[in-house]
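Here's the structure we're looking at; comments come further down.
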2 protein chains.
Amino acid sequence: MSIAEPITCCAPLDQPALSAAEAVATAELFKALGDPARVRIVNCLATANEPVCICDLNGPLGLAQPTVSHHMKKLVDAGLVEREQRGKWAFFSLKRDAVETLAAVADLKGACC
Amino acid sequence: MSIAEPITCCAPLDQPALSAAEAVATAELFKALGDPARVRIVNCLATANEPVCICDLNGPLGLAQPTVSHHMKKLVDAGLVEREQRGKWAFFSLKRDAVETLAAVADLKGACC
DNA sequence: TCGATATATTGACGGATGTCGATATGTCTA
DNA sequence: TAGACATATCGACATCCGTCAATATATCGA
């Protein structure tokens with residue numbers, strides 16, 4: 001929306017490198033990890049070298065089964081996690097490229113320093 | 001709270017590396033960047049090599065002055081940004097070490113790959 | 001096909017969050 | 001000291017989010 005605008009006070013900033021749409025997308029990615037339960041889920045998936053059954057997450061997280069299912073959906077929607085059906089069970093694994101993207105953004109895309 | 005619990009189905013997970021408190025702290029950090037306005041603010045601070053006056057942010061963001069002030073407080077509270085008073089104006093700058101911490105966490109603390 | 005089990009969806013609830021207008025606080029200048 | 005200006009705080013509002021119980025859907029085994 002209103003990006004351009006004359007700036008008179010202090011030192012003028014360069015046009016922000018991120019567009020409004022990019023900022024929304026970036027925020028969505030960070031928001032996906034903005035909950036302790038999802039941080040721990042991602043941590044579990046990261047430390048495991050194989051896809052993890054969701055049934056292994058229900059207990060340790062101390063959350064009800066629908067709540068865990070809700071968090072997994074959020075992570076999948078954010079593109080951080082992949083879902084795989086194995087018979088009766090649902091297995092989830094980390095999407096390495098998405099995590100690398102997240103780390104790159106957190107590193108401010110090299111603009112920092 | 002309830003971390004330990006016998007797991008029978010599928011492949012048992014190792015004890016999560018992150019404690020509950022660590023997960024909360026990590027989530028707080030990510031939550032600070034879970035809003036488009038704050039992403040753009042951090043981007044501005046990152047692309048600028050000097051502290052930035054908050055008056056330069058009010059216009060380009062298209063938000064009311066109290067709202068920008070609110071976001072700056074969130075970023076300061078999260079430890080990502082530092083506030084500095086210069087006479088009548090408030091200048092903000094990125095805390096490089098905090099950003100590096102965030103990038104390291106996003107990189108899953110080296111546990112990934 | 002039927003029952004058992006695993007997971008997802010729905011609906012509801014309380015609390016957190018982003019936003020703004022109005023106002024307060026703080027700092028410079030005359 | 002008084003007025004002007006920059007920023008922060010307050011109060012209110014709508015919306016979003018995490019959580020759970022209840023229920024639906026899907027898959028396996030008998």
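Proteins get letters first, then strands, A, B, ... in listed order; numbering begins at 1 in each.
- Separating the CG atom of Asp77(B) from the C1' atom of dA16(C) is a distance of 15 Å, rounded to the nearest angstrom.
- With a cut-off of 3.5 Å on both Watson-Crick or G-U wobble distances, the partner of dG14(C) is given as dC17(D).
- Put simply, the side chain of Gln65(B) never gets that close to the backbone of Thr67(B): no donor and acceptor are under 3.5 Å apart.
- Close to dC20(D), at under 4.0 Å from its OP1 or OP2, lies a side-chain N or O of Thr67(A).
- Atoms CE (Met72(B)) and P (dT19(C)) sit 14 Å apart, rounded to a whole Å.
- If you measure from atom NZ of Lys88(A) to atom P of dG3(C), you get 16 Å, rounded to the nearest angstrom.
- Atom-to-atom distance recorded for Leu29(A):CG and Leu33(B):CG is 10.5 Å, nearest 0.5 angstrom.
- For the pair Arg40(A) CZ and dT19(D) C1', the interatomic distance rounds to 16 Å; values are reported in whole Å.
- For Arg83(A) and dA8(C), the shortest distance from a side-chain N or O to OP1 or OP2 is below 4.0 Å.
- The distance from atom CZ of Phe91(B) to atom P of dT27(C) is 15 Å, rounded to the nearest whole Å.
- Partner Phe92(A) forms a side-chain contact (heavy atoms from CB on, under 4.5 Å) with one of Leu57(A), Leu75(A), Ile54(A), Asp56(A) and no other, that one being Ile54(A).
- An OP1 or OP2 oxygen of dC20(D) is reached within less than 4.0 angstrom by no side-chain nitrogen or oxygen of His70(A).
- Applying the 4.0 Å criterion to OP1 and OP2 of dG18(C), one finds that Lys74(B) has a side-chain N or O inside that range.
- For dA6(C), its base never sits under 3.5 Å from the side chain of Gln65(A) at any donor and acceptor pair.
- The backbone N or O of Asn43(B) lies less than 3.5 Å from a partner atom in the side chain of Thr47(B), making a donor-acceptor pair.
- The phosphate of dT7(C) has neither OP1 nor OP2 within less than 4.0 Å of any side-chain N or O from Ser69(A).
- Following rounding to the nearest Å, Lys73(B) (NZ) and dG18(C) (C1') show an atom-to-atom distance of 16 Å.
- His71(B) places its NE2 atom 9 Å from the C1' atom of dT17(C), with the value rounded to the nearest Å.
- Distances shorter than 4.0 Å separate some side-chain N or O of Arg38(A) from OP1 or OP2 on dG18(D).
- One atom, NZ of Lys31(A), and another, C1' of dA16(C), lie 13 Å apart when rounded to the nearest Å.
- Considering CG of Leu102(B) and CG of Asp97(B), their distance stands at 11.5 Å, rounded to 0.5 Å.
- Nearest-nucleotide assignment on DNA chain C puts the 5′-proximal partner with Gln85(A), out of Gln85(A) and Gln85(B).
- For Trp89(B), taking side-chain heavy atoms from C-beta onward, the closest of the listed nucleotides dT7(C), dG18(D), dT7(D) is dT7(D).
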